[in-house]
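To keep things clear, I will list the structure first and then write my remarks on it.
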Number of protein chains: 2
Amino acid sequence: MPRSQPSAINPGAPAEPAIAEVPATPPAATQPAAAEPRRARQRKRLPPEERRLQIVQAAVAFFAEVGLEGRTRDLSSRLGITQSLLYKYFDSKESLLDAVFEHVYLGRLSPEWPALLRDRSLPLKERIFRFYCEYTDAIFRYEWLRIFMFSGLTGEKLNARYFTHLQQFALAPLMDEIQAAAQGERRPDMEDIWNLHGSIVYLGIRKHIYQTPTPDDVRPVIERAIDRLLRDFGIETGPPMAGP
Amino acid sequence: MPRSQPSAINPGAPAEPAIAEVPATPPAATQPAAAEPRRARQRKRLPPEERRLQIVQAAVAFFAEVGLEGRTRDLSSRLGITQSLLYKYFDSKESLLDAVFEHVYLGRLSPEWPALLRDRSLPLKERIFRFYCEYTDAIFRYEWLRIFMFSGLTGEKLNARYFTHLQQFALAPLMDEIQAAAQGERRPDMEDIWNLHGSIVYLGIRKHIYQTPTPDDVRPVIERAIDRLLRDFGIETGPPMAGP
DNA sequence: GAACGAATAGATCATTTGATCACTAAAAAG
DNA sequence: CTTTTTAGTGATCAAATGATCTATTCGTTC
């Protein structure tokens, strides 16, 4: 079974990675117009730091699309560079993948979320709503969701690390606050929180993993999910707030 | 990067595929005790149909664990057969994978669910609860969830087919019935149904994809999720029913 | 016990793929 | 302009991998 071209594997994937620096020079091998003397690939010499970043960004988009087993040759040809150049910047494919994990991981969890969630000067519903708006802004990305899923399936450490942080920075405060505000006799437990979380995250999974239609604006859906949970514990939710 | 052994990729994966017919004969290459004259693999002659089924079952477990790019040599060594024998039963790895998809797909969706969900002689909550108990019994399986996720990520047709059926056999009836029973002014839409569905399915994802701890018995969690949705639309839910 | 054919052993092929290396040329320094 | 530096190239290696083929072995059936 000859491996199919990556572009064929996932036709629905977003166009090209947004790498501003590269003037999309297609690899010379692509259609050297019959008579034309195959023009050599224009060699572009970049400062190492810049090139390295460019490679990592492209690698994020690439591995998100085709999976972690994507071939280094395909990645390099997307970048318009030679495969061997990759090895000037990374010792091995594995270390490139580590850089990819690092890159998608960084900045994904805001350190301000615990404070936001615990800020009792705001209504609980508003805090949770704002948190999930920011959260989904951060993770409902093609690259992030798919790399996270790929790495989850192959048991990469990325996921365990992420869940630990998520628990600490978001889910734990979330549960504390809902517990403190709960009115009825049943107290929320962590599974109630996971239930809310899952119902929201599943929106992203539908969109970026299964590539199924989802609402353009997820905020009203998120708001309703929050309302449902809060009301279940007798907490006032107030009027709808999903404006612009 | 030499490919790591499949057993090393996913140490948390369930032990061995349940293949009753194979007397777990480890591949001869594994530890032929120093002095011992390498004993020939015990040859087992099976009727073609049986062998084919055995291969497919093992392939399901195998690809679920290591991904669809798993190597045929590893699969065959798990089965205790030669790699070339696989090609006596399947033209190519691709056709083997097709058989795998077929196998995991079959019997996953019960044709009786629409009738169950629409049976108004039962309380709505009970219908939904029974449906999701059966549904999660069917799909909260290591093999199914992972193969479904792998094939979703690579854009396999399996997923589209499955979602079409799911919509038709379960989600559409579900929405109809909840709409019919709804009391408040807001009518449920499909996103409300997806919300319930996602919150439940996410339990399986946490367990089998991310391999994170989840409750042993998911039924109480499912019941609460259903209650929340129904109450949100003013529908009576009655006392808890999550017994044995 | 003879015939059939499932299964093995294992060599082998053509590609693919991660990785290496000696050389080349673009940019910067003098 | 010349020299120096090093980013980038193209050829190539070794191992892996899907697939094929031959000769042989042995369990089943008649």
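Here is how names work: the chains are called A, B, and so on, in the same order as the sequence lines, proteins then strands, and each is numbered from 1.
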Take atom [atom1] of [X] and atom [atom2] of [N], then tell me their distance rounded to the nearest Å.
X	N	atom1	atom2	answer
B/Leu79	C/dA7	CG	P	11 Å
A/Glu50	D/dT6	CD	P	17 Å
B/Leu86	D/dT20	CG	C1'	13 Å
A/Ile55	D/dT9	CD1	C1'	14 Å
A/Arg73	D/dT12	CZ	P	13 Å
A/Glu49	D/dA7	CD	C1'	14 Å
B/Glu69	D/dA16	CD	C1'	14 Å
A/Leu85	D/dT6	CG	C1'	11 Å

Task: Which nucleotide in D/dA19, D/dG10, D/dA7 has an atom nearest any side-chain atom of A/Thr82 - done: D/dG10
Quiz: residues 104-115 of chain A side-chain donor-acceptor pairs under 3.5 angstrom, not counting sequence neighbours:
residue, atom, partner, partner atom, Å
A/Tyr105, OH, A/His165, ND1, 2.4
A/Arg108, NE, A/Val104, O, 2.9
A/Arg108, NH1, A/Ala138, O, 2.7
A/Arg108, NH2, A/Val104, O, 3.1
A/Ser110, OG, A/Glu112, N, 3.0
A/Trp113, NE1, A/Glu134, OE1, 3.0

TODO: Could you tell me whether B/Glu191 and A/Arg206 have a side-chain N and a carboxylate O separated by less than 4.0 Å?
DONE: yes
Open item on the list: Nearest 0.5 angstrom please: A/Leu53 CG to A/His103 NE2, how far?
Closed with: 6.0 Å
TODO: Any chance you could measure A/Tyr210, atom OH, to A/Met149, atom CE, to the nearest 0.5 Å?
DONE: 6.5 Å
TODO: Kindly assign one of parallel, tilted or perpendicular to the pair A/Tyr135 and A/His197, based on the angle between their ring planes and the thresholds 30° and 60°.
DONE: tilted
Task: Side-chain-base donor-acceptor pair under 3.5 Å for B/Arg71 and D/dG18 - done: no
Open item on the list: Please classify the nucleic acid contact of A/Pro48 as base, sugar-phosphate, or nothing, using heavy-atom distances under 4.0 Å.
Closed with: sugar-phosphate
Open item on the list: Need one value for A/Phe90: base, sugar-phosphate or nothing, where a base atom within 4.0 Å counts as base even if backbone is also close, heavy atoms only.
Closed with: nothing
Open item on the list: For a quick check, with a 4.0 angstrom heavy-atom cut-off, what is the B/S/- contact string for nucleotides 20-30 of chain C, read 5' to 3'?
Closed with: BBB-BSBS---
TODO: Locate the shortest heavy-atom distance separating B/Phe63 from B/Gly70; write the atom from each residue and the value.
DONE: CE2-O, 3.6 Å
Open item on the list: Hydrogens and angles aside, do B/Ser92 and B/Glu94 bring a side-chain donor and acceptor to less than 3.5 Å of each other?
Closed with: no
